[in-house]
Protein chains: 2
Amino acid sequence: MPTRTAAQRREEAARAYDAFIAVCPTRQLVDRISDKWVTLVLCALGDGPKRYSDLSRRIAGVSQKMLTQTLRSLERDGLVVREVTPSVPVRVDYELTPLGTTLMPLIAAIKTWAETHMDEVATSREAYDAVAAR
Amino acid sequence: MPTRTAAQRREEAARAYDAFIAVCPTRQLVDRISDKWVTLVLCALGDGPKRYSDLSRRIAGVSQKMLTQTLRSLERDGLVVREVTPSVPVRVDYELTPLGTTLMPLIAAIKTWAETHMDEVATSREAYDAVAAR
DNA sequence: CGGAATCCATAAGGATACTG
DNA sequence: CAGTATCCTTATGGATTCCG
């Protein structure tokens with residue numbers, strides 16, 4: 001009889017796998033929200049559908065290339081839907097899918113942590129830099 | 001004759017964006033956990049202090065350059081502490097600070113979402129790519 | 001309006017070699 | 001052991017131009 005049960009060994013293996021193998025789902029999700037604009041786009045879509053031009057206006061500083069690229073990847077991941085109205089000129093709306101919506105509480109949690117603790121981080125940075133400057 | 005040229009409007013947008021970045025703690029946190037290795041390091045430190053060499057072994061695929069760089073930035077942000085034991089050879093341990101520990105539930109939430117929904121994302125990607133291939 | 005395609009500067013990051 | 005320094009390749013992303 002081993003010192004660890006099969007369940008314990010499985011759990012350890014799963015933890016190791018989940019955390020450190022490149023193909024783990026967590027890694028992929030982190031890569032996803034890592035993108036500079038993904039969070040901002042999801043945030044902008046959080047309170048309802050938006051037109052392409054609305055998004056580009058709301059997310060100041062985004063280039064047309066990056067906005068399109070971000071929207072495409074989100075569409076590919078099934079997090080947003082793209083709806084084209086073939087009028088003249090064309091009208092394109094983007095909307096969160098149900099799956100994309102389930103991601104919003106996560107964004108909210110990140111936001112909450114940030115608003116609660118980022119001042120501590122800022123303080124720590126100043127202290128660190130002050131020492132490094134000497 | 002417009003009141004402002006396109007260039008002027010772009011410049012204003014960029015300035016507004018900079019201001020937004022400066023005051024937005026969420027943006028800063030996202031930038032932080034966006035880093036490819038930050039989440040993995042925090043995860044590895046989640047169950048106790050680790051030596052430098054332990055970390056580099058546990059986080060398969062990280063180069064020593066990126067590991068050091070990541071640890072430095074986390075130390076600067078006050079999320080981990082670096083403890084040097086001046087033995088021969090040197091021994092360096094890294095440990096989560098209380099502040100760093102408060103970030104763990106967030107990582108856990110991300111992990112949970114990923115494990116719950118990444119298969120849907122994968123399915124969506126396959127469907128999207130299948131259409132694009134035609 | 002909502003993109004696609006191209007060009008190009010910069011930054012990120014890996015490999016390697018060396019050090020206290 | 002725990003880094004630092006350097007080189008060099010690749011990825012990122014902005015600007016610009018053109019199109020249905």
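Residues forming a side-chain hydrogen bond (donor to acceptor under 3.5 Å, both in side chains) with A:W113 (at least two apart in sequence, or on another chain): B:T102. By the side chain to side chain contact (heavy atoms under 4.5 Å, CB included) test, B:V88 is found to be paired with no residue, residues two or more places apart in sequence or in another chain being considered. Under the salt bridge (Lys or Arg N to Asp or Glu O under 4.0 Å) criterion, B:R72 pairs with no residue, sequence neighbours left out.
Between A:D35 and A:P89, it is A:D35 whose nearest contact on DNA chain D lies nearer the 5' terminus.
A:V30 places none of its side-chain heavy atoms less than 4.5 Å from the side chain of B:I33. Side-chain contact between B:D77 and A:Y128: absent, with no pair of heavy atoms (C-beta onward) separated by less than 4.5 Å. At least one side-chain heavy atom of A:V92 sits less than 4.5 Å from a side-chain heavy atom of A:R82.
Between B:K36 atom NZ and C:dG13 atom P there is a gap of 8 Å when expressed in whole angstrom units.
Here the straight-line distance linking atom CZ of B:R76 with atom CG of B:L71 works out to 14.5 Å at 0.5 Å rounding.
For DNA chain C, the neighbouring residues in residues 64-72 of chain B, judged by any heavy atom under 4.0 Å, are B:Q64, B:K65, B:M66. Contact check of residues 41-56 of chain A against DNA chain D (heavy atom, cut-off under 4.0 Å) returns no residues at all.
Both B:L55 and B:V90 are part of a single hydrophobic cluster, where members link through side-chain heavy atoms under 4.5 Å apart.
Of the side-chain N and O atoms in A:R82, one or more sit less than 4.0 angstrom from OP1 or OP2 of C:dG3.
Under 4.0 Å is where a charged nitrogen must lie from a carboxylate oxygen, and between A:D129 and A:R125 no such pair does.
Closest approach to the A:V92 side chain among C:dG3, D:dG3, C:dG14 is made by C:dG3 (side chain taken as heavy atoms from C-beta onward).
For DNA chain C, each stem of at least three Watson-Crick or G-U pairs (distances under 3.5 Å) is given as range with range: C:1-20 with D:1-20.
Considering all non-hydrogen atoms of both residues, A:C43 and A:I107 come closest at SG-CG2, 4.3 Å.
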